[in-house]
Participant: 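One structure, as structure tokens, below. Some questions next.
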Amino acid sequence: MATFSVHASWFSESDVPDDAVLMVNEIFRPDDEDLCTWVDQAEPRRFVLSFDVESATYATAALECLTAVAGVPQIEPRLGTLEEVGATDEDGYLVVSADGFEELSHLAD
């Protein structure tokens, strides 16, 4: 097992409000010291969160991220649509866009 930094990003039709970010911070993984959330300064309609997972491969780490963030739209629907998940370590990365989410489970096998 290795430690991967995983991320998920959402894209909204309008700028993501600060209180939406605060809501996610309070409810999603509230005791996780590695959780980081931010609105992309270059594109204020994009919200990103990242945290660490222990996993065997990039694909399984990305799938863990996808599973973990499945409930985020219920926490804060103003974030928009989940557009990608990814996994990174010091050796490389894997990023999967929304059209590849279904395929991700096969990569993780």
Participant: Who passes side-chain hydrogen bond (donor to acceptor under 3.5 Å, both in side chains) against D99, sequence neighbours left out?
Facilitator: S97
Participant: With sequence neighbours left out, write down each residue that passes ring-ring contact (aromatic ring centres under 6.0 Å, His included) with F11, or none if nothing qualifies.
Facilitator: none
Participant: Using salt bridge (Lys or Arg N to Asp or Glu O under 4.0 Å) as the criterion, list what pairs up with E83, not counting sequence neighbours.
Facilitator: R46
Participant: Quick one: pull up OG1 in T57 and CG in L94 and give me the separation to the nearest 0.5 Å.
Facilitator: 8.5 Å
Participant: For E13, is the CD atom crowded, meaning more than 12 foreign heavy atoms sit under 6.0 Å from it?
Facilitator: no
Participant: Of all heavy-atom pairs between A70 and P73, which one has the smallest distance, and what is that distance?
Facilitator: O-CD, 3.4 Å
Participant: Taking all non-hydrogen atoms of both residues into account, name the closest pair between A8 and L82 and its distance.
Facilitator: CB-CD1, 3.9 Å
Participant: If you round to the nearest 0.5 Å, how far is CZ of F101 from CD of E84?
Facilitator: 8.0 Å
Participant: Examine distances only and state if a side-chain atom of N25 and a backbone atom of F28 form a donor-acceptor pair shorter than 3.5 Å.
Facilitator: no
Participant: Going by salt bridge (Lys or Arg N to Asp or Glu O under 4.0 Å), name the residues that satisfy it together with D32, two or more places apart in sequence or in a different chain.
Facilitator: R29
Participant: Nearest 0.5 Å, what's the CD1-CD1 distance between I27 and I75?
Facilitator: 5.5 Å
Participant: Mind checking the CZ-CG spacing from F4 to D91? Nearest 0.5 Å is all I need.
Facilitator: 8.5 Å
Participant: Take V95 and H7 through the test side chain to side chain contact (heavy atoms under 4.5 Å, CB included) and record every step on the way to the result.
Facilitator: CA-CA 9 Å; V95 175; H7 77 272; 4.1 Å; yes
Participant: When rounded to the nearest 0.5 angstrom, what is the spacing between CG in L49 and OG in S9?
Facilitator: 9.0 Å
Participant: Please round to the nearest 0.5 Å and tell me the distance separating atom SG of C36 and atom CG of D34.
Facilitator: 7.5 Å
Participant: Give the C-alpha distance, both sets of side-chain angles, the deciding distance and a yes or no for side chain to side chain contact (heavy atoms under 4.5 Å, CB included) between V69 and W10.
Facilitator: CA-CA 10 Å; V69 303; W10 287 262; 3.8 Å; yes
Participant: For the pair V16 and L79, evaluate side chain to side chain contact (heavy atoms under 4.5 Å, CB included) and give the outcome as yes or no after the intermediate values.
Facilitator: CA-CA 6 Å; V16 176; L79 297 179; 3.8 Å; yes
Participant: Quick check: are there more than 12 heavy atoms from other residues, nucleotides or ligands sitting under 6.0 Å from CG of D19?
Facilitator: yes
Participant: Side-chain contact, heavy-atom cut-off 4.5 Å: S5 with Y93?
Facilitator: no
Participant: Test of understanding: with salt bridge (Lys or Arg N to Asp or Glu O under 4.0 Å), list the residues that count as partners of E76, not counting sequence neighbours.
Facilitator: R78
Participant: Mind checking what makes side-chain hydrogen bond (donor to acceptor under 3.5 Å, both in side chains) contact with S55, not counting sequence neighbours?
Facilitator: T60, E64
Participant: Take V21 and W38 through the test side chain to side chain contact (heavy atoms under 4.5 Å, CB included) and record every step on the way to the result.
Facilitator: CA-CA 7 Å; V21 176; W38 67 94; over 6 Å; no
Participant: Mind checking whether Y58 and V48 sit in one hydrophobic cluster, side chains of I, L, V, M, F, W, Y counted as touching below 4.5 Å?
Facilitator: no
